[in-house]
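Here the structure comes first, spelled out in structure tokens, and everything after it is commentary.
Numbered from 1 within each chain, the chains take letters A, B, ... in sequence-line order.
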Amino acid sequence: MSNVNITLPDGSSKVYPQGTTGLDIAKSISSRLAKEAIAVKVGGKIRDLNAEIDGDAPVEILTFDTPEGKQVFWHSSAHIMAQAVTELFPEAKLAIGPPIEEGFYYDFEVSKPFSPEDLERIERRMQEIIDEKAVFHREDVTRREMLEKYRRDGAQYKVEMLEEDILDERVSVYKHSSFEDLCRGPHIPDTGVIKAFKLTASSGAYWRGDEKRTMLQRIYGVSYPKRKMLEDYLYRMEEARKRDHRVLGKQLELFHITNDVGAGLVLWLPKGALIRNEIENFWREEHLANGYDLVFSPHIARLDLWNRSGHTDFYAENMYQPVKVDEERFQIKPMNCPFHISMYKSRRWSYRDLPMRWAELGTVYRYEMPGVLHGLMRVRGFTQDDAHHFVSPEGMEDELVWLLKFCLHILDSFHFPDYDIYLSTRPEKAIGDPDDWVKAEGGLRHALELLNLPYSVDEGGGAFYGPKIDIKIKDALGRSWQCSTIQFDFSLPERFDLNYVDRDGQMKRPYMIHRALLGSVERFFGVLIEHYAGRFPLWLAPVQARVLPITDDQIEYGRQVVDRMKRAGLRVDLDSRSEKIGHKIRESELQKIPYMLIIGARESESDTLSVRLHGKGDQGSFEVDTLIEKMRAEIETKAPESQLT
RNA sequence: GCCCAAGUAGCUCAGUCGGUAGAGCACAUCCUUGGUAAGGAUGAGGUCACCGGUUCAAAUCCGGUCUUGGGCUCCA
């Protein structure tokens with residue numbers, strides 16, 4: 001009888017008898033660990049806690065605190081939900097039920113969508129299954145055997161998975177209570193481990209996300225090993241809702257969307273417009289200081305232009321119908337590139353002129369399906385902070401690296417803690433030689449690697465004219481939105497016959513880069529509102545300070561202060577209503593005004609202000625000029641937070 | 001586009017069994033002049049999303065349209 005030699009994450013090793021399981025190991029370490037253990041990682045592979053460990057290996061006991069532990073926990077929860085659903089709705093066909101970032105879902109084919117009352121019934125049944133403390137068992141079977149069984153049962157989705165996705169000879173089935181499901185596993189030891197759960201939503205979801213296939217009904221849920229964790233989750237959701245840009249946009253009067261104007265069309269109210277102007281001013285300064293020229297282009301162009309660019313072939317589903325002007329048809333623009341290309345063709349260029357960088361805050365209109373419109377994040381009319389670089393093939397790589405750095409510099413000015421970078425490759429509908437695509441993808445990859453940026457690959461996510469790098473930022477509810485995009489393009493220069501005169505006097509074809517750094521001003525603003533939770537840094541705050549007189553006697557002094565501060569370039573107003581100071585403070589706090597300047601008899605006599613910072617309270621009194629200087633410095637440095645000490 | 005839910009005052013929301021609509025906040029006027037998150041009184045404010053149907057009678061029941069919200073590739 002041989003033993004197995006186990007190495008634990010802390011580096012210590014121990015010898016266990018043959019046939020030992022993850023649970024045995026956990027028990028030998030501490031009873032608490034044994035209680036909290038969900039699964040075990042053996043030599044990098046996640047296994048069931050009761051699986052025998054058959055050789056020497058590094059072993060890690062997984063609890064809910066680990067990402068893998070959470071995934072197992074939620075996956076098992078999905079099985080329990082599926083059991084409840086199949087019992088209550090015997091005709092339901094099972095599709096898939098994976099864990100997700102926070103929680104799990106399961107897709108079912110049912111004759112009628114689930115109602116809120118159905119979810120309550122399912123929850124009650126799930127609780128009973130959990131109370132059973134039913135143990136999960138694994139069984140290994142042949143693929144052929146399962147396929148036959150599922151064919152007999154008419155379990156078409158399982159059949160499809162076994163026919164198309166899971167091609168191993170042997171597959172596994174997990175059973176607990178009266179339920180069994182094809183499953184790779186592993187699973188929690190028993191259903192009793194789940195101490196709190198909630199079904200959070202139900203919705204339609206296409207089988208394999210394909211709108212041409214059957215619509216299934218999906219139920220989402222979350223579950224936890226401690227009741228408190230569920231409470232925390234629900235609290236977090238509530239807090240996230242408070243920083244939702246749609247909620248804050250209304251409260252702070254930043255923007256308005258109304259059906260009187262049209263779905264997906266944004267009205268920028270004065271305060272939102274002010275922030276937008278600050279962002280755009282910053283954007284223009286940075287571009288002019290970094291080798292860009294700024295250009296403007298019209299909103300419509302002859303349809304011929306869009307035929308030549310390929311948009312009418314490859315982008316038709318996002319474009320509005322052309323309008324007729326005299327006998328000519330004109331297309332409202334979904335992109336700015338054909339205009340910048342037409343500008344390029346306005347004269348001849350030399351290699352000495354390259355790289356050329358032309359930027360424009362260009363407003364474009366795209367048809368988006370009604371169901372996907374979302375606040376400022378997905379709209380039908382938006383302004384891209386667009387630019388096109390015209391580059392020689394030799395200069396391409398340096399230009400990409402330079403651009404990527406510039407992009408990160410712009411994003412960093414808004415203090416985003418993190419973002420996700422994607423490299424998107426050739427989509428199904430694309431123009432250009434596939435070999436060029438491969439080369440271009442290599443160029444983008446190289447730039448990312450040179451700058452040591454971690455990224456994921458989005459297969460088939462590129463634009464129709466070239467591959468791209470996207471940077472996505474998450475909103476308050478954890479959904480991720482593409483902001484920056486850097487797109488390689490070798491096709492449009494070809495289509496429009498662009499060229500430049502090279503050193504040797506020969507005509508050469510330039511490459512193009514399309515790029516947007518903020519993405520769209522609308523979406524970026526939405527992300528920014530949520531990022532700052534409406535508490536904009538001073539340089540962006542629409543009202544930077546509000547003067548609050550304690551009695552009407554200080555209104556005259558208040559006017560003088562406002563006037564002085566305005567002349568110093570600050571955005572200040574006066575609350576001259578005959579309300580109590582507490583009331584004025586409350587309203588200023590709710591409006592998230594960074595500086596509240598309180599003036600009573602003491603202040604008006606000594607030319608001072610009593611300063612209260614939003615969210616931070618009373619900061620004591622300051623001379624008016626001193627405060628002006630401090631605020632101006634804070635604006636100049638674009639400080640993320642007000643700090644007076 | 002598809003599935004589900006919702007749409008009532010500027011905002012947040014009540015509105016029971018079908019009997020012509022209500023609160024709080026905000027707003028206006030007046031009183032109050034108060035030192036760090038809501039002082040008081042009075043007033044004004046509505047095509048109950050829109051169109052159609054059932055009914056003596058519709059915010060309410062039925063149908064349609066529009067809009068909003070959640071979701072629609074994360075191999076078992």
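- For A:P98, the side-chain atoms get nearest to B:C74 when compared with the rest of B:C74, B:G34, B:C4.
- In this structure, of B:C74, B:G39, B:G70, it is B:G70 that holds the atom nearest to the side chain of A:R479.
- Rounded to whole Å, the separation between the P atoms of B:A6 and B:A49 comes to 13 Å.
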- Item | Dot-bracket line, read 5' to 3' along RNA chain B, where crossing pairs take [ ] and | marks a partner on another strand, Watson-Crick or G-U under 3.5 Å | (((((((..((((.....[..)))).(((((.......))))).....(((((..]....))))))))))))....
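- Rounding to the nearest 0.5 Å gives a distance of 10.0 Å between CD of A:E556 and CG of A:L574.
- The phosphate of B:G71 (OP1 or OP2) has no side-chain N or O of A:H374 nearer than 4.0 angstrom.
- Within 4.0 Å (heavy atoms only), A:I96 reaches sugar-phosphate atoms of the nucleic acid but no base atom.
- Looking at heavy-atom distances under 4.0 Å, A:F114 makes no contact with the nucleic acid at all.
- In this structure, A:L373 places its CG atom 10 Å from C1' of B:U68, rounding to the nearest Å.
- Using atom C1' as the reference point in both B:G22 and B:G15, the two lie 7 Å apart (nearest Å).
- Closest to the A:I585 side chain, of the nucleotides B:C4, B:C74, B:U36, is B:U36.
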- Message: Let's go through A:Y174 and A:R138 carefully: what are the C-alpha distance in whole Å and the side-chain angles of both, what is the deciding distance for side-chain hydrogen bond (donor to acceptor under 3.5 Å, both in side chains) to 0.1 Å, and is it a yes or a no?
- Response: CA-CA 5 Å; A:Y174 275 80; A:R138 178 190 175 101; 3.0 Å; yes
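- From A:E68, atom CD reaches atom CD1 of A:I46 across 4.5 Å, with rounding to the nearest 0.5 Å.
- A:R571 places a side-chain N or O within donor-acceptor distance of the main-chain N or O of A:A541, the cut-off being under 3.5 Å.
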N/O-N/O pairs, protein side and nucleotides 62-66 of chain B side, under 3.5 Å:
unit_1 : atom_1 : unit_2 : atom_2 : d
B:C66  : O2'    : A:N259 : ND2    : 2.8

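- Scanning residues 238-247 of chain A for heavy-atom distances under 4.0 Å to RNA chain B yields A:R246.
- When each of B:G71, B:G35, B:C74 is scored by its nearest atom to the side-chain atoms of A:E603, the top-ranked nucleotide is B:G35.
- To the nearest angstrom, C1' of B:C72 lies 9 Å from OH of A:Y105.
- The distance from atom CZ of A:R380 to atom CD of A:E522, rounded to the nearest 0.5 Å, is 14.5 Å.
- As judged by a 4.0 angstrom heavy-atom cut-off over every strand, A:V173 is placed among residues making no nucleic acid contact.
- Rounded to the nearest 0.5 angstrom, A:I529 CD1 and A:R246 CZ are separated by 11.0 Å.
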Under 3.5 Å, N/O pairs linking protein and nucleotides 23-30 of chain B:
unit_1 : atom_1 : unit_2 : atom_2 : d
B:A26  : OP1    : A:E587 : OE2    : 3.4

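- OP1 or OP2 of B:G35 has not a single side-chain nitrogen or oxygen of A:R612 nearer than 4.0 Å.
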Produce the list of close N/O pairs, under 3.5 Å, pairing protein atoms with atoms of nucleotides 7-12 of chain B; give distances to one decimal.
unit_1 : atom_1 : unit_2 : atom_2 : d
B:U12  : OP1    : A:K250 : NZ     : 3.4

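- Spacing between B:U54 and B:A59 at atom P, rounded to whole Å, works out to 16 Å.
- For A:A601, the side-chain atoms get nearest to B:G35 when compared with the rest of B:G71, B:G35, B:G34.
- Rounded to whole Å, atom C1' of B:A37 lies 7 Å from atom CD of A:E589.
- Note: A:F525 and A:F536 have parallel aromatic rings, judged against thresholds of 30 and 60 degrees for the angle between ring planes.
- With C1' as the reference atom, B:U12 and B:G64 are 30 Å apart, rounded to whole Å.
- Atom C1' of B:C48 sits at a distance of 16 Å from the matching atom of B:U67, rounded to the whole Å.
- A straight line from CZ of A:R602 to P of B:G34 spans 13 Å, rounded to a whole angstrom.
- For residues 201-208 of chain A, proximity to RNA chain B is found at A:S202, A:S203, A:G204, A:A205, A:Y206, A:R208, defined as any non-hydrogen atom under 4.0 angstrom from a strand atom.
- To the nearest whole angstrom, the two C1' atoms, one in B:A44 and one in B:U29, are 10 Å apart.
- Of the possible donor and acceptor atoms, none in the side chain of A:S177 sits under 3.5 Å from a partner among the backbone N and O of A:F179.
- Here, B:G7 and B:U42 have their C1' atoms 32 Å apart, quoted to the whole Å.
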- Task: Verify ring pair (Phe, Tyr, Trp, His ring centres under 6.0 Å) between A:F89 and A:F114, making sure each step is shown before the conclusion.
- Result: CA-CA 10 Å; A:F89 304 88; A:F114 298 108; 5.3 Å; yes
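- Between A:K271 and A:E253 there is a salt bridge, since a side-chain N of the basic residue sits under 4.0 Å from a carboxylate O of the acidic one.
- Residue A:P186 comes nearest to A:V72 through the heavy atom pair O-CG1, 3.7 Å, listed as atom of the first residue, atom of the second, then distance.
- The heavy-atom pair separating A:A533 from A:K592 by the smallest distance is O-CE, 3.6 Å.
- Comparing the C1' positions of B:A57 and B:G18 gives a spacing of 8 Å, expressed to the nearest Å.
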